[in-house]
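Comments concern the structure below.
Here is the naming used below: chain letters follow the sequence lines, and residue numbers restart at 1 for every chain.
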Amino acid sequence: MTDSFMVINNREVRFEPGQTILEVAGANNIEIPTLCHLKGTTPTGACRICVVEVEGPDKLVPSCAEPARVGMVVQTESAEVIKARRSILRLMLSSGNHNCDIKDYDTKDWTQDQLRLLSGETPQELCPAWGDCKLQDLAFKYQVKAVGQPLSECKYPMETGNPLIVRDFSRCILCGRCVQACREVQVNNAIDFGYRGADAKIIAGTDVSLKDSDCVFCGECIQVCPVGALFEKKAKNGARPWETQKIRTTCPYCGVGCQQILHVKDGTIMKVTGAEDGKPNLGRLCVKGRFGYDFIYSKERLKTPLIREGETFRSASWDEALNLVAHRFSKIIDTHGPDALAGVSCARSINEDSYQMQKLFRAVFKTNNIDHCART
Amino acid sequence: MTNSFGEFSRAKMFLVIGSNMTEAHPVAATFLKNAVMDGAKLIVVDPRAHALTRFADLHVPIRVGSDIAFMNGVMNVLIKEDLYDKEFVKTRTVNFEELKQTVLACEPEAMAVICGIEPGVIVKAARMLAAVKPVMLCYTLGITEHTCGRNNVVSTANLQMLLGNMGMECGGVNPLRGQNNVQGACDMGALPNVYPGYQQVINEESRKKFGTFWDVGNLPDKNGLMIPQMMDGLVDKSVRGFYIFGENLANTEPDIRKVEHELASAEFLVVQDIFLNETTRFADVVLPAAAWSENDGTFTNSERRVSRVRTASVPPGKAMPNWWIFREIAKRMGQTWESVSAQEIWDNEISVLAPALGGIKYHRIEGDGLQWPCPTVEHPGTPVLHQKIFTSGKGSFTPVTWTPPAEVPDDAYPFVLSTGRRLYHYHTRTQTGRCEGLNDLLSEETADISLGDAQRLGVADGERVVVRSRRGRVEVKARVTEEVPKGMVWMAFHFREGNANWLTNPAFDPFTLTAEYKACAVSLEKA
């Protein structure tokens with residue numbers, strides 16, 4: 001351990017050489033707001049909302065990119081810093097369609113407008129990130145309203161042409177987190193910054209739709225989007241964050257065992273995100289893990305035991321079906337011995353189910369004819 | 001896996017053989033790609049130039065089924081050029097002389113002919129592998145789904161022991177398991193030869209232990225049947241009652257026509273599942289089960305990590321948890337089992353019976369899961385196996401020689417068919433086929449063929465082709481792609497229509513009875 005010290009908000013704190021100011025602050029429970037910063041990726045300094053004041057000639061520096069130095073004296077919420085953040089937020093708010101309470105529409109009908117949007121008649125108009133938006137949070141925290149700023153028209157239409165991810169460029173603040181997630185986290189290299197200046201846009205490939213690009217629909221970009229520019233198509237009429245219960249579970253597909261957070265409202269999964277910092281996936285998911293959950297709500301689910309009757313099945317009670325199974329299996333054991341029974345367990349279901357099935361075969365039927373698809 | 005996913009992003013080098021990780025295990029692949037972006041080396045050995053090869057320092061496009069020839073060739077170079085880890089071989093292994101004798105007969109020139117590559121590539125791969133330590137070896141079903149599958153697996157272990165890459169972080173032999181809980185189903189003893197925790201059924205002490213715990217006598221003392229033997233038994237009537245839990249055998253087993261005949265021969269077939277599927281057509285009784293997220297439990301992933309699964313929704317109608325159904329049948333046949341929840345089954349039975357799981361209890365895996373072996377409740381779990389000593393003492397080299405697939409291309413069937421999975425679907429689509437959006441991204445099966453073959457046959461991308469094997473025929477669209485080498489047709493088994501298993505060969509590895517899904521002979525023509 002080296003003994004390197006700096007001062008943040010009049011507190012002397014120790015740091016490891018190579019840490020940024022943001023990392024040192026985080027390690028000492030000093031909160032600095034961020035928008036573009038994405039843990040584990042190269043800092044881009046794109047949004048500058050994390051500016052802090054450093055004693056010396058270059059007063060305001062982005063804390064995500066600035067290395068901590070011995071003897072550095074930093075203020076994270078000085079008057080200068082707050083002024084800078086408010087001006088950054090004002091610019092962001094006026095750059096797009098941020099129709100929540102942080103946007104003053106120059107109209108007296110704001111409350112009515114919000115109620116109408118929330119009523120669900122025209123849900124596409126209401127920002128899907130309402131209540132789960134870092135920009136909204138920061139605008140509220142720093143009390144910024146884009147009063148008098150006309151709503152600038154977005155040059156680029158919303159992309160809804162693929163089945164899973166909606167891209168609403170009118171709400172994009174060009175923070176670049178999605179680009180970092182795509183290129184540095186998932187390394188799918190499907191999206192990037194395109195065009196310049198006022199035309200700037202996050203593009204897929206040579207500015208084609210996601211479907212026609214290298215995108216593999218892992219949805220990592222949605223998970224990191226701090227605003228409402230990227231969202232799950234399936235969840236568009238979904239729940240607001242305070243309405244959902246967050247349940248951690250394990251993905252039902254491949255053998256990686258990704259940890260998921262199920263966002264559940266009234267017993268229904270509204271969307272799935274990766275469990276941040278959970279092992280082994282550290283918040284990452286693939287297309288099946290993120291979007292492959294709604295089969296459980298299919299109308300085709302089996303809802304009752306079925307017993308064959310000629311070419312078709314008829315519904316039966318559990319008692320009738322289980323009695324029949326026990327009776328027929330017992331008869332086969334009596335006539336042909338226990339090894340005339342065989343069973344295949346399920347490599348998709350929980351451990352406890354496989355345990356019970358092999359116990360049934362060994363302890364009750366008295367045969368070891370139990371296998372599963374590990375070999376096939 | 002001997003090692004863990006958490007080591008991927010820190011690894012210095014990977015040898016990925018027979019694994020299309022970016023499609024079959026996408027999140028694992030992201031960590032591997034992170035390491036490569038940070039400078040790690042990557043060798044991909046695979047007949048196909050799949051997406052991961054874009055990140056590879058060396059892609060070795062071996063012929064389907066020539067893995068042993070490649071690995072023996074590499075080990076030949078390592079020994080001849082004195083590049084292997086002599087200290088590791090001396091202190092940690094036995095049978096080196098036997099291995100040496102076998103692989104010294106495998107000159108790169110001869111092996112290269114079998115693999116369909118230049119001998120220099122084998123030499124280059126060997127030197128690259130010897131230059132970095134440790135190397136993480138990852139494989140998937142490209143290794144196991146061959147008639148020489150067991151020998152393929154043995155070869156990967158031989159190679160990693162020779163390189164001294166076992167028992168250390170960022171090394172090891174790492175099979176990425178295909179299903180969420182295939183590791184767990186093995187651990188639970190859903191196998192014909194072992195009880196939970198890999199305790200042999202032929203061992204009298206094991207039988208006594210389980211008999212006492214379950215309070216039953218006469219536990220059967222000989223190994224049971226493996227799936228292919230069960231299927232044969234249905235036809236010859238040595239098996240009469242068949243119980244299929246959560247498996248769509250009618251689509252997943254090789255040679256669908258044969259499988260359907262076998263299922264139709266069952267005297268009494270019980271299928272327990274969440275949907276009607278191709279297999280339930282043959283059932284006498286169908287039992288409706290609760291699905292993922294409709295009951296509590298645990299899954300065990302490829303790195304032996306036992307993680308929690310939790311309830312989010314209620315099962316539809318009368319559907320019930322699987323463990324409850326088994327318990328009810330036991331009750332009707334005279335046994336009342338005490339445990340009445342997944343937690344009770346785990347905490348009071350499984351973790352008591354399986355020594356490697358003894359320290360894993362529900363209260364310990366509320367957050368991240370634990371990796372077995374974890375023998376006591378104080379034990380932190382085991383991310384890396386065989387660290388100071390192999391589980392069985394010393395690592396034993398088992399020399400093996402290459403054998404060809406059971407069916408190879410000839411004049412009548414001049415193409416090799418290889419099979420696998422695609423990104424947007426899972427197995428027979430019973431689940432992903434019912435998820436909004438996924439079918440739109442991939443809505444039908446294709447036959448993936450090379451540009452050269454497409455031109456020769458006059459087939460354009462998207463045109464229909466007929467693929468025939470000795471067992472069946474399918475008509476699907478051609479997908480002309482640079483991923484596939486000349487002479488290969490590549491297909492998946494996600495769709496009933498055009499399912500590769502109408503064509504695949506029910507030839508099995510003699511040890512494991514794993515089917516040769518990765519190689520059979522087919523013909524190809526424009527429809």
Side-chain angles (χ1 to χ4, degrees), chain A residues 163-164 186-187 234 247 249-250 252-258 262 264 267 279-281 284 286 292 294-296 298 301-306 308 321-322 325-326 328-329 332 340-347 349-358 360 363-364 366 368-369 371-372 374-375, chain B residues 5 25-28 30 33 177 179 182 184-186 188-190 192 201 214 216 220 224-227 230 239-241 243-247 268 284 286 288 291-292 297-299 301-302 307 309-310 312-313 316-318 322-323 326 328 330 332-333 342 345 368 431 434-435 437 440 512 514:
Chain A
L164 298 176
Q186 291 261 349
V187 205
K234 298 195 202 198
I247 298 175
T249 195
T250 307
Y253 290 105
C254 82
V256 177
C258 291
L262 309 178
V264 178
K279 286 177 184 171
N281 53 311
R284 305 174 188 190
C286 78
D294 42 332
F295 68 91
I296 56 171
S298 163
R301 279 293 297 278
L302 287 168
K303 295 182 189 73
T304 171
L306 301 172
R308 175 161 299 282
L322 292 168
V325 170
R328 290 293 300 269
F329 280 168
I332 290 171
L341 295 182
V344 176
S345 188
C346 176
S349 193
I350 54 176
N351 283 316
E352 292 78 359
D353 292 341
S354 267
Y355 171 83
Q356 293 281 93
M357 189 176 187
Q358 63 87 36
L360 177 69
V364 181
K366 301 287 167 60
N368 285 314
N369 289 344
D371 201 3
H372 74 285
R375 68 188 76 258
Chain B
F5 291 118
H25 303 90
V27 173
T30 66
K33 290 185 282 184
R177 315 273 339 221
Q179 279 128 331
V182 71
C186 292
M188 292 305 108
V201 297
W214 289 336
V216 293
L225 302 175
M226 300 188 245
I227 291 175
M230 295 175 183
V239 174
R240 292 178 178 257
Y243 194 155
I244 301 174
F245 160 32
E247 279 282 333
F268 184 66
D284 295 286
V286 179
W292 163 84
T298 54
F299 290 155
N301 76 352
S302 304
S307 300
V309 183
R310 292 185 176 84
S313 323
K318 295 181 193 160
N322 296 287
W323 60 261
F326 297 126
E328 287 296 312
R332 283 165 173 78
M333 293 177 74
I345 293 168
D368 287 338
Q431 299 181 359
R434 292 177 172 98
C435 292
D440 300 315
T512 62
T514 294

Heavy atoms only: give me the nearest H372(A)-A190(B) pair and the separation to one decimal. ND1-O, 2.8 Å

Where V27(B) and C286(A) come nearest, the two heavy atoms and their spacing: CG2-N, 3.6 Å

Short question: side chain of N301(B), backbone of G255(A) - any donor-acceptor pair under 3.5 Å? no

Value rounded to 0.5 Å, distance of CZ in F268(B) from CD1 in I332(A): 7.0 Å

Only pairs of heavy atoms separated by less than 4.5 Å count here; which of I296(A), V264(A), D294(A), V325(A) has the most with chain B? D294(A)

Measure from the side-chain N and O atoms of W292(B) to the backbone N and O of T250(A), and report whether any donor-acceptor pair falls under 3.5 Å. yes

Residue pair F299(B) / N351(A), side-chain heavy-atom distance below 4.5 Å: no

Report yes or no: does N368(A) contribute a side-chain atom to a donor-acceptor pair with the main-chain N or O of P220(B) at less than 3.5 Å? yes

Closest heavy-atom contact between R332(B) and A326(A)? CB-CB, 3.7 Å

If you count heavy-atom pairs under 4.5 Å between each of A321(A), S298(A), C258(A) and chain B, which one has the most? S298(A)

Spatial distance of atom OG (S349(A)) from atom CH2 (W323(B)) [nearest 0.5 Å]: 12.0 Å

What closest approach, in Å, do I247(A) and A312(B) show between heavy atoms, and which atom pair accounts for it? CD1-CA, 4.0 Å

Answer with side chain, backbone, both or neither: which region of L341(A) has an atom nearer than 4.5 Å to a non-hydrogen atom of chain B? both

On a heavy-atom basis, which atom in W214(B) and which in Q358(A) lie closest, and how many Å separate them? CZ2-NE2, 3.7 Å

Distance col, row D284(B):CG vs L306(A):CG, nearest 0.5 angstrom, shows 12.0 Å

Does any backbone or side-chain atom of L262(A) lie under 4.5 Å from a heavy atom of chain B? Answer side chain, backbone, both or neither. side chain

Is K303(A) close to P316(B) at the side-chain level, that is, under 4.5 Å between some pair of heavy atoms? yes

So which part of L322(A) gets closer than 4.5 Å to some heavy atom of chain B, the side chain, the backbone, both or neither? both

Leading residue by heavy atom contact count with chain A [cutoff under 4.5 Å; candidates M333(B), H25(B), E328(B), R177(B)]: M333(B)

Would you say N369(A)'s side chain and L225(B)'s backbone share a donor-acceptor pair under 3.5 angstrom? yes

Under 4.5 Å from any heavy atom of chain B - which part of V256(A): both

State the CZ-CZ distance between R328(A) and R240(B), to the nearest 0.5 angstrom. 11.0 Å

Between CG of N281(A) and OG1 of T30(B), what distance do you get to the nearest 0.5 Å? 8.5 Å

Under a 4.5 Å heavy-atom cut-off, does chain A meet the side chain of F5(B), its backbone, both or neither? side chain

Nearest heavy atoms of Q431(B) and Y253(A), plus distance in Å: OE1-CE2, 3.7 Å

Side chains of C346(A) and Q179(B): does their closest heavy-atom pair fall under 4.5 Å? no

Return the option, out of G297(B), G224(B), G317(B), G241(B), with the maximum number of heavy-atom pairs under 4.5 Å with chain A. G241(B)

At a heavy-atom separation under 4.5 Å, does L360(A) approach chain B through its side chain, its backbone, both, or neither? both

Top contributor to chain B interface from A340(A), G257(A), P280(A), G343(A) [non-hydrogen pairs under 4.5 Å]: A340(A)

Within the distance-only criterion (no hydrogens, no angle test), does the side chain of K33(B) pair as donor or acceptor with the backbone N or O of Q186(A) below 3.5 angstrom? yes

Using a 4.5 angstrom heavy-atom cutoff, name the option from P192(B), C186(B), A28(B) with the most pairs to chain A. P192(B)

Which bit of V286(B) comes within less than 4.5 Å of chain A, counting heavy atoms only: side chain, backbone, both or neither? both

For each of S313(B), A330(B), A291(B), G437(B), tally heavy-atom pairs with chain A at distances under 4.5 Å, and name the one with the top tally. S313(B)

If you round to the nearest 0.5 Å, how far is CZ of R434(B) from CZ of R301(A)? 10.0 Å

Can any side-chain N or O of T249(A) pair as donor or acceptor with the backbone N or O of R310(B) at less than 3.5 Å? yes

